[in-house]
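These numbers were taken from a predicted model, which means no experiment stands behind them. Order of listing sets the numbers, starting from 1, for every ligand and every atom in it.
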Amino acid sequence: MKFFSLHNQSPKVNFQEAVIQGIAPDKGLYFPEKISPLPREFFENIEQFTNHEIAYQLIQQFVGDAINEKDLKAIILDTLNFDFPLIEIEKNIFSLELFHGPTMAFKDVGGRFMARCLSYFNKDNNNEVTVLVATSGDTGGAVASGFLDVKGVNVVILYPSGKVSDVQEKQLTTLGKNIKALEVEGTFDDCQKMVKTAFLDKEITNKIQLTSANSINIARWLPQMFYFAFAYKQLKNKQKEIVISIPSGNYGNICAGMMAKKLGLPIAHFIAATNANRVVPNYMETEKYTPMQSVATISNAMDVGDPSNFIRIQKIYDNNFNALKKDLSSYSFSDEETKEAMSEIYKNGGYIADPHGAVGYLGLKKYTKNKSEFQGIFLETAHPVKFLDVVESVIDKTIAFPEQIKAVIDKPKVTTFISSYDAMKQFLLK
Ligand SMILES: *Cc1c(COP(=O)(O)O)cnc(C)c1O
């Protein structure tokens with residue numbers, strides 16, 4: 001299996017090269033040359049397979065011969081060591097809980113899978129790779145946890161000072177060892193811009209092999225296909241139409257869902273639900289894609305003004321707007337609406353949603369209003385404890401710390417404060 005750059009100015013590469021490079025030399029995102037649907041029987045009989053078997057089936061064609069069967073199975077086994085429960089919180093409305101991993105947000109799967117792939121590619125050499133990553137909140141923690149102690153890998157995480165939650169900050173600043181955190185004076189977009197500039201900076205790339213662990217990296221992006229199949233496996237009634245709402249920021253997760261659909265997973269419609277950062281909802285209304293400055297919201301992992309994976313979504317639909325529109329609706333919700341939804345969900349059934357899950361729920365409700373023949377799933381992408389202040393004040397109840405959070409919350413934060421690209425560059429080169 002080969003991957004090509006969506007800018008079309010770079011050579012095709014295999015899975016290993018695409019993972020190590022992160023982004024193509026022409027700065028395009030890598031995309032698989034071919035997507036072959038799986039046999040219908042696989043989906044018809046999905047209950048008979050373990051999650052590990054399902055994951056292997058979904059991802060094998062993309063990995064190709066870069067990792068042999070036995071080792072790929074071992075990587076999957078090690079990556080997926082927690083559950084993905086589907087909870088019916090109202091009639092025909094389900095929450096797919098993706099937060100049972102070590103950092104309690106859905107990015108654990110991609111982070112763990114990518115770390116294990118890089119470690120596998122490094123096993124017979126002494127090459128050093130520096131993973132440079134910008135985070136709006138959860139990527140940093142997932143990457144820090146996934147890559148801790150991985151041989152030959154240094155991790156540098158950029159995050160916007162004061163714009164991530166306390167729990168998120170602790171998760172990315174307290175591990176030490178091969179994990180370094182840069183606290184940036186600015187927004188997530190500033191962090192992302194610095195990372196992108198570094199990849200173009202020969203003075204850096206001549207000295208160190210940089211790679212990205214954002215969802216632009218195919219090893220972070222593609223494993224997210226698994227969730228959609230795990231949800232399908234757990235649905236009792238497979239005849240009814242399935243609608244899935246995904247709280248979206250960089251649009252990697254939803255784009256992975258669309259890949260799963262390409263492989264044959266029967267999903268009738270996707271909803272990209274987001275906060276005030278409404279570039280994609282605007283696009284779906286006007287067919288014009290206009291990046292914006294990101295604005296801060298209570299669902300901070302979606303505070304993205306120029307979602308990097310949107311170009312992959314367009315590619316999946318052959319840049320055909322009408323085809324995309326048939327499969328995708330996109331809505332934006334305010335912080336007020338999000339809080340009201342959290343409160344409503346709690347009052348109706350005692351379920352506690354985090355702000356991202358609540359945005360997903362709102363998207364689902366909006367799309368399915370006046371429809372009766374469907375079952376709807378929203379992705380609950382983070383544990384509510386990660387957004388403690390907001391959640392506790394909305395539902396007026398204290399939330400106990402799970403073990404994963406207790407392990408980091410009292411550790412001292414260690415960061416280097418920077419306010420310019422040059423400061424980051426000096427840090428990388430020293
Ligand atoms: C990263 C993240 C999102 C957005 O996911 P994308 O793949 O970037 O669209 C949503 N919710 C949470 C909790 C996240 O951490």
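Listed by first then second residue, pairs satisfying side-chain hydrogen bond (donor to acceptor under 3.5 Å, both in side chains) with a partner in residues 141-153 read Asp149-Lys177, not counting sequence neighbours.
For ligand 1, the atoms sitting less than 4.0 Å from at least one non-hydrogen atom of Asp138 are 12 (C), 13 (C), 14 (C), 15 (O), numbered in the order shown with element in parentheses. Close approach of ligand 1 to Asn253 (heavy-atom distance below 4.0 Å) involves ligand atoms 7 (O). The contact set between ligand 1 and Pro247, taken as ligand atoms under 4.0 Å from a residue heavy atom, comprises 4 (C), 10 (C). Proximity to Gly252 (heavy-atom distance under 4.0 Å) selects the following atoms of ligand 1: 6 (P), 7 (O), 9 (O). Residue-ligand proximity, Ala382 to ligand 1, at heavy-atom distances under 4.0 Å covers atoms 13 (C).
Annotation: atom 8 (O) of ligand 1 to nearest protein heavy atom, Asn250 N, 2.8 Å. Considering only non-hydrogen protein atoms, atom 4 (C) of ligand 1 sits nearest to Gly249 N, 3.5 Å.
Both cation-pi conditions hold for Lys73 and Tyr56: the charged atom is under 6.0 angstrom from the six-membered ring centre and inside a 45 degree cone around its axis. Annotation: cation-pi pair Lys425/Tyr421 absent, no NZ/CZ under 6.0 Å from the ring centroid and within 45° of its normal.
With hydrogens and angles disregarded, no donor-acceptor distance shorter than 3.5 Å links the side chain of Thr173 to the backbone of Ala181.
Considering both main-chain and side-chain atoms, Gln224 never comes within under 3.5 Å of ligand 1 through any nitrogen or oxygen pair.
No side-chain heavy atom of Met1 sits under 4.5 Å from any side-chain heavy atom of Val63.
Under the side chain to side chain donor-acceptor pair (under 3.5 Å) test applied with Asn275, the options Asn300, Asp335, Asp303 reduce to a single match, Asp303. Among Tyr251, Phe321, Phe310, the single residue meeting the ring pair (Phe, Tyr, Trp, His ring centres under 6.0 Å) criterion with Tyr289 is Phe310.
In this comparison of Asn300, Thr381, Thr103, Asp354, the heavy atom closest to atom 11 (N) of ligand 1 sits on Thr381. The option from His356, Met302, Lys107 that lies nearest to atom 2 (C) of ligand 1, judged by heavy atoms, is Lys107.
Within the 4.0 Å heavy-atom cutoff, Ser215 does not count among the residues contacting ligand 1. A heavy-atom separation below 4.0 Å is found between Phe106 and ligand 1.
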Please assess Ser215 against Asn250 for the test side chain to side chain donor-acceptor pair (under 3.5 Å), listing each intermediate value before the final yes or no.
CA-CA 8 Å; Ser215 49; Asn250 249 329; 4.8 Å; no
